[in-house]
Amino acid sequence: DDVGVWNRPISGEEVALIYNDGAGTALVSAGAGGLIAHFPLDSDGNSSDGGFTASTETDVVYGSAGANANTGTSATFNGTSSVIQHDWSADLNPESFTLALWAKSDGGAGAWNSPVTSRHDLNPDSQGYLIYDNNPDGVWTFWSGNGTVDGNWQALNGPAVTLGAWEHVAITYDDVAEVKKLYVNGELAVEANDSVFPNDTTPFNIGAGQDHGNGFWFSGDLDDIGLWNRALSQDEIQGVMENGVVSGDAPAAAPALSIANNGDGTVTVTFEGKLQAAASVNGPWADVNESSPLTIEASEAMQYARAVNE
């Protein structure tokens with residue numbers, strides 16, 4: 001009874017909705033892909049559709065080179081006073097969410113430097129979500145508050161920050177499954193079972209941390225920030241990373257890639273778009289100027305491969 005097929009992975013929240021209302025129900029993420037806000041940071045701190053206008057912009061310089069050809073220009077933050085702030089809104093603090101951005105960190109002073117923070121520090125029953133770099137071991141970190149006395153903050157520590165280089169960072173939370181994840185450069189770095197309670201009071205801060213954006217300053221460049229009201233899949237996050245945040249539409253999916261061992265000392269790589277290879281999951285990535293399918297000696301294969309849209 002009631003069989004449904006979708007053209008993408010669906011979240012725990014959507015599974016629960018289907019369970020209660022049937023496969024024919026309209027999913028919360030249909031159509032617009034659940035995109036709440038896109039902050040391009042090309043010329044100001046406002047969202048691309050005008051739905052969110054910054055209440056405060058201090059010492060932010062626009063027009064620096066962007067992360068890639070699909071993200072426009074970026075904004076530079078000085079690590080001591082630069083901040084873009086949006087007044088509290090329930091829309092910017094959904095129960096399930098994905099926050100994705102490009103960051104080029106210069107490190108800065110202190111143990112915690114935040115590209116984006118939406119938190120209410122009630123110690124011990126704190127709320128909200130935030131990203132830190134250099135905390136304090138020089139790693140990307142996803143902090144969240146569960147709104148209870150079980151602990152003030154729950155932290156997910158990811159890979160080391162590469163100072164002076166663009167890195168794509170995404171955090172996701174599925175409220176039904178109570179699972180949060182941290183992705184760096186399109187790869188799942190770490191995940192945990194945690195409850196995240198939405199921030200119900202304080203501003204959404206870009207380029208600074210603490211409750212009101214008056215500390216934990218980010219030093220470096222930020223670009224192409226997107227916020228969704230659901231946990232995007234890894235394929236969708238990779239699509240956002242490669243193609244930029246697609247306003248008013250679902251994020252573009254990453255092109256397909258498969259690698260087959262032929263059993264004769266060769267491997268065949270079948271891919272869509274353009275093939276890139278690297279010796280490390282964090283790059284640097286180099287174009288492989290070949291057509292699909294590509295058969296090579298196994299000894300020639302790089303350790304990591306990915307397909308990107310042309």
Side-chain angles (χ1 to χ4, degrees), residues 11-17 28 34 36-37 39 52 54-56 83-101 103 108 110-137 139-158 169-184 188-218 225-232:
S11 68
E13 185 178 22
E14 293 171 320
V15 171
L17 185 64
V28 294
I36 296 171
F39 302 101
F52 298 94
S55 55
T56 300
V83 65
I84 298 168
Q85 190 169 90
H86 290 260
D87 292 338
W88 180 86
S89 165
D91 289 337
L92 294 175
N93 295 278
E95 292 183 347
S96 294
F97 61 85
T98 297
L99 173 69
L101 56 89
W112 299 283
N113 308 291
S114 180
V116 174
T117 287
S118 181
R119 75 168 208 184
H120 190 195
D121 191 348
L122 296 172
N123 193 4
D125 47 352
S126 294
Q127 309 167 348
Y129 58 87
L130 53 146
I131 299 173
Y132 285 133
D133 80 74
N134 203 31
N135 165 33
D137 300 318
V139 298
W140 290 113
T141 305
F142 172 13
W143 280 36
S144 60
N146 61 16
T148 75
V149 295
D150 295 336
N152 192 34
W153 296 107
Q154 293 75 52
L156 280 181
N157 291 329
V169 182
I171 59 175
T172 73
Y173 176 66
D174 187 322
D175 184 57
V176 173
E178 292 191 341
V179 174
K180 68 178 192 178
K181 301 179 180 182
L182 168 65
Y183 296 84
V184 178
L188 177 62
V190 62
E191 64 181 298
N193 293 100
D194 270 324
S195 175
V196 180
F197 193 91
N199 167 21
D200 64 5
T201 304
T202 52
F204 179 89
N205 304 299
I206 300 172
Q210 300 187 331
D211 284 9
H212 296 281
N214 53 2
F216 299 160
W217 308 99
F218 179 82
I225 298 173
L227 177 67
W228 292 259
N229 65 3
R230 62 181 178 92
L232 299 188

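Values in this document were obtained by computation on a predicted structure and should not be read as measured data. Side chains are part of it too, since the values below use all heavy atoms of this structure and drop only hydrogens, waters and symmetry mates.
Scanning both residues, L99 and V116, for their nearest heavy atoms gives CD2-CG1, 3.7 Å. Across all their heavy atoms, W88 and D200 have their closest contact at NE1-C, 3.3 Å. Nearest heavy-atom pair, N205 versus G213, reported as atom, atom and distance to 0.1 Å: ND2-N, 3.4 Å. Between D175 and S96, the shortest heavy-atom distance links the atoms N-OG, 2.8 Å. Closest heavy-atom contact between R119 and N199: N-ND2, 3.6 Å. When all heavy atoms of N146 and S195 are compared, the closest pair comes out as CB-O, 3.0 Å.
Rounding to the nearest 0.5 Å places CD1 of I225 at 8.5 Å from CD1 of I131. A distance of 9.5 Å separates OG1 of T117 from OH of Y129, quoted to the nearest 0.5 Å. In this structure, D121 CG and T202 OG1 are separated by 9.0 Å, a value rounded to the nearest 0.5 Å. One finds the CG atom of N113 at 10.5 Å from the OG1 atom of T141 (value rounded to the nearest 0.5 Å). Remark: D91 CG to I36 CD1 distance equals 6.5 Å, nearest 0.5 Å. Rounding to the nearest 0.5 Å gives a distance of 4.5 Å between OG of S126 and CH2 of W153.
The main-chain N or O of L122 is never found under 3.5 Å from a side-chain atom of Q127 such that the two would form a donor-acceptor pair. Within the 3.5 Å criterion, the main-chain N or O of A177 finds a donor-acceptor partner in the side chain of D174. In this structure, the side chain of T98 does not engage the main chain of T172 through any donor-acceptor pair within 3.5 Å.
Not counting sequence neighbours, the partners of D194 by the side-chain contact (heavy atoms from CB on, under 4.5 Å) test are Q154, K180, A192. Residues satisfying the ring pair (Phe, Tyr, Trp, His ring centres under 6.0 Å) test with H86, not counting sequence neighbours, are F39. Every residue meeting the ring pair (Phe, Tyr, Trp, His ring centres under 6.0 Å) condition with F216, not counting sequence neighbours, appears here in chain and number order: W112, Y132.
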- [ ] Show the numbers, then the answer: is there a side-chain hydrogen bond (donor to acceptor under 3.5 Å, both in side chains) between N193 and E178?
- [x] CA-CA 6 Å; N193 293 100; E178 292 191 341; over 6 Å; no
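Paired with V169 under the rule side chain to side chain contact (heavy atoms under 4.5 Å, CB included), one option of F142, Y183, W140 passes, and it is W140.
Below 30°, between 30° and 60°, or above 60°: for F97 and Y173 the angle between ring planes is between 30° and 60°, a tilted geometry.
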